[in-house]
Undergrad: 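My questions all concern the structure below.
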Amino acid sequence: MNKRKKRNSLKKIFSKSKIVCLTAYTAPIAKIADKCADIILVGDSVGPVLYGHKTTRHVDMDMIIRHAKSVVKNTKEAFIVVDMPFGTYETSKHEALENARKIIFSSGAMAVKLEGGEKVADTIEFLTQNKIKVMGHLGMLPQSITGRPKVYGKSEKEKKQIFKDISVLKKVGVFSVVVECTLKKVVDELIKVSDLPIIGIGASECCRGQIIVTEDILGMTELKTKFSKKYFDFFPVAKQAVKKFSLEVINGKYPKKNQCY
Ligand code: KIV
């Protein structure tokens, strides 16, 4: 009998000492990520990465649902989390619940992620009370950036706020929190005081897990941050392949007779 593998449960994921999270928006990347990621995030980074938008604020419900459907359809094991787009959860908790349900029911994903702490705590509580699984997001918040992105946690005010935020997020029932671009010494203190599993990106090697934009580590984007690391250099290889194809077409080498019907 063909045994179907079950998707990772949160219990299984958080029993591990290190958690691997990757983003995916498309079928090919989802299939690759599913082989090793415990959690796959259909992030609103889809806007900048796939569509070339300047910020994540251009992502809407239709776009995120379309990509979430593709990722769910093309994965078997990973736990799928989907970003709630900018403007879909800030106005009212009832609207947030309606949108979270729409994302989850129409894509088949398992959870949503929202940016912010104290400010969105009531909304997150309303979602978790209504059986929506929620992942938090603290530190540098891409949906709130208006100027240049900057590392979070340098001022006393930001430091105080993030400690408050993580304890509020724990109370309202998030299962985990992404902490992005935040001073390592602040993150390390957070890890000491909070038992909420922290998934870092530009945060600290001591986090319970790490998340990264898959296209960034494959060299498919131009991102140059302190935390970025290219495990593959997509562009030179792809350019060479495409050039070879075009030359073979021009020189009559492709297709060969045996490649025709
Ligand atoms: O949208 C995204 O890809 C994210 C991760 C970078 C955490 O939120």
Side-chain angles (χ1 to χ4, degrees), residues 3-25 28-43 45 68 71-84 104 107-115 117 124 127-128 131-140 162-163 165-182 184-218 227-232:
K3 244 189 167 181
R4 233 189 119 106
K5 269 205 159 177
K6 262 177 68 180
R7 283 202 186 258
N8 298 331
S9 66
L10 287 177
K11 198 172 162 205
K12 186 178 161 201
I13 292 169
F14 291 107
S15 67
K16 295 183 175 184
S17 57
K18 282 285 182 188
I19 297 148
V20 179
C21 308
L22 287 164
T23 61
Y25 331 111
I29 298 289
K31 283 179 188 165
I32 294 169
D34 197 39
K35 299 269 180 277
C36 50
D38 300 301
I39 297 175
I40 292 181
L41 171 71
V42 184
S45 50
V71 171
V72 172
K73 188 167 185 278
N74 290 285
T75 52
K76 291 190 178 81
E77 292 180 53
F79 184 92
I80 314 294
V81 181
V82 183
D83 261 338
M84 291 197 70
I104 287 175
S107 70
M110 286 103 241
V112 291
K113 175 164 80 61
L114 271 72
E115 291 186 10
I124 294 181
L127 299 189
T128 57
K131 300 203 168 15
I132 303 285
K133 292 188 176 74
V134 181
M135 189 176 208
H137 190 149
L138 296 176
M140 200 267 281
I162 202 167
F163 279 91
D165 285 338
I166 203 158
S167 97
V168 172
L169 287 186
K170 166 83 186 176
K171 277 196 200 114
V172 296
V174 302
F175 62 83
S176 168
V177 60
V178 167
V179 173
E180 181 163 0
C181 285
T182 299
K184 173 177 155 53
K185 64 175 184 197
V186 175
V187 181
D188 288 344
E189 277 183 54
L190 278 181
I191 294 166
K192 276 192 206 141
V193 300
S194 175
D195 60 354
L196 202 53
I198 296 177
I199 308 297
I201 172 162
S204 165
E205 79 286 2
C206 303
C207 293
R208 275 296 295 286
Q210 301 293 330
I211 184 161
I212 206 88
V213 171
T214 310
E215 280 81 351
D216 287 341
I217 59 168
L218 294 178
F227 63 84
S228 54
K229 183 170 176 187
K230 260 192 209 174
Y231 291 80
F232 181 68

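As a basis for the values below, the full set of heavy atoms in this structure was taken, side chains included, without hydrogen atoms, waters or symmetry mates. Treat the numbers as computed from the prediction; the structure is a model and nothing was measured. The residues of the chain are indexed from 1 along the displayed sequence.
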Undergrad: Applying side-chain hydrogen bond (donor to acceptor under 3.5 Å, both in side chains), which residue pairs with at least one partner in residues 14-24 are found, sequence neighbours left out?
TA: K16-D38
Undergrad: Indicate the atoms forming the closest heavy-atom contact of I191 with S204, along with that distance.
TA: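 Answer, listing the atom of I191 first, then S204: CD1-OG, 4.5 Å.
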Undergrad: Please say which of I19, V20, V179, L41 ends up in a side-chain contact (heavy atoms from CB on, under 4.5 Å) with I199.
TA: I19
Undergrad: A side-chain contact here means heavy atoms from C-beta on lying under 4.5 Å apart; do V72 and R7 qualify?
TA: yes
Undergrad: Do V177 and D165 have side chains that approach each other closer than 4.5 Å (heavy atoms only, starting at C-beta)?
TA: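 V177 does not reach D165 side chain to side chain.
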Undergrad: Sequence neighbours left out, what passes side-chain contact (heavy atoms from CB on, under 4.5 Å) with I104? Give chain and number order.
TA: V112, I132
Undergrad: Can you list everything that forms a side-chain hydrogen bond (donor to acceptor under 3.5 Å, both in side chains) with K73? Sequence neighbours excluded, please.
TA: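 For K73 there are no side-chain hydrogen bond (donor to acceptor under 3.5 Å, both in side chains) partners, ignoring immediate neighbours.
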Undergrad: With rounding to the nearest 0.5 angstrom, report the NE2 to CD1 distance, H137 to I201.
TA: 7.5 Å
Undergrad: My understanding is that only residues two or more places apart in sequence, or in another chain, count here; which of them pass side-chain hydrogen bond (donor to acceptor under 3.5 Å, both in side chains) with K12?
TA: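 Partners of K12 under the side-chain hydrogen bond (donor to acceptor under 3.5 Å, both in side chains) test: none.
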Undergrad: Let me confirm one number: the CD1-CD distance from I40 to E77, rounded to the nearest 0.5 Å.
TA: 10.0 Å
Undergrad: With sequence neighbours excluded, tell me which residues meet side-chain contact (heavy atoms from CB on, under 4.5 Å) with I212.
TA: L22, I217, F227
Undergrad: So, for A37 and N8, which heavy atoms are closest and what is the spacing to 0.1 Å?
TA: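 Looking at all heavy atoms of both residues, the shortest contact is O-ND2, 3.9 Å.
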Undergrad: If the condition is side-chain contact (heavy atoms from CB on, under 4.5 Å), which residues does L218 pass it with, not counting sequence neighbours?
TA: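 L218 satisfies side-chain contact (heavy atoms from CB on, under 4.5 Å) with I29, T214, M220, F232 once adjacent residues are dropped.
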Undergrad: Does any pair with a residue in residues 198-215 pass salt bridge (Lys or Arg N to Asp or Glu O under 4.0 Å), and if so which ones, sequence neighbours excluded?
TA: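 Sorted result for residues 198-215: K184-E205.
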Undergrad: Report the residues that fulfil side-chain hydrogen bond (donor to acceptor under 3.5 Å, both in side chains) with Q210, sequence neighbours left out, ordered by chain and then residue number.
TA: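 With sequence neighbours excluded, Q210 shows a side-chain hydrogen bond (donor to acceptor under 3.5 Å, both in side chains) to no residue whatsoever.
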Undergrad: Which is it for V134 and V172 under the side-chain contact (heavy atoms from CB on, under 4.5 Å) test, yes or no, and what are the steps along the way?
TA: CA-CA 10 Å; V134 181; V172 296; over 6 Å; no
Undergrad: Provide the closest heavy-atom pair for A24 versus V71 in the form atom of the first, atom of the second, distance.
TA: O-CG2, 3.5 Å
Undergrad: Between CG of L169 and OG1 of T128, what distance do you get to the nearest 0.5 Å?
TA: 10.5 Å
Undergrad: A111: which residues meet the side-chain contact (heavy atoms from CB on, under 4.5 Å) condition with it, sequence neighbours left out?
TA: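 For A111 the side-chain contact (heavy atoms from CB on, under 4.5 Å) partners, ignoring immediate neighbours, are F79, V81, K133, F175.
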Undergrad: Please report the interatomic distance OG(S176) to CD1(I13), rounded to the nearest 0.5 Å.
TA: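 CD1 of I13 is found 9.5 Å from OG of S176.
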Undergrad: Hey, what do you get for NZ (K229) to CG (D216), rounding to the nearest 0.5 Å?
TA: 14.0 Å
Undergrad: So which pairs with a foot in residues 193-202 pass side-chain hydrogen bond (donor to acceptor under 3.5 Å, both in side chains), sequence neighbours left out?
TA: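 For residues 193-202: K170-D195.
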Undergrad: Can you see which heavy atom on I162 is nearest to which on G139, and at what distance?
TA: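 Closest pair (atom of I162, atom of G139, distance): CD1-N, 3.9 Å.
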Undergrad: Rounded to the nearest 0.5 Å, what separates atom CG in L190 from atom SG in C207?
TA: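 One gets 9.0 Å once the value is rounded to the nearest 0.5 Å.
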Undergrad: If you take all heavy atoms of M140 and T182, which pair is closest and at what distance?
TA: N-OG1, 4.0 Å
Undergrad: Just to verify, what does N74 make a side-chain hydrogen bond (donor to acceptor under 3.5 Å, both in side chains) with, not counting sequence neighbours?
TA: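 With neighbours one apart ignored, the set is empty.
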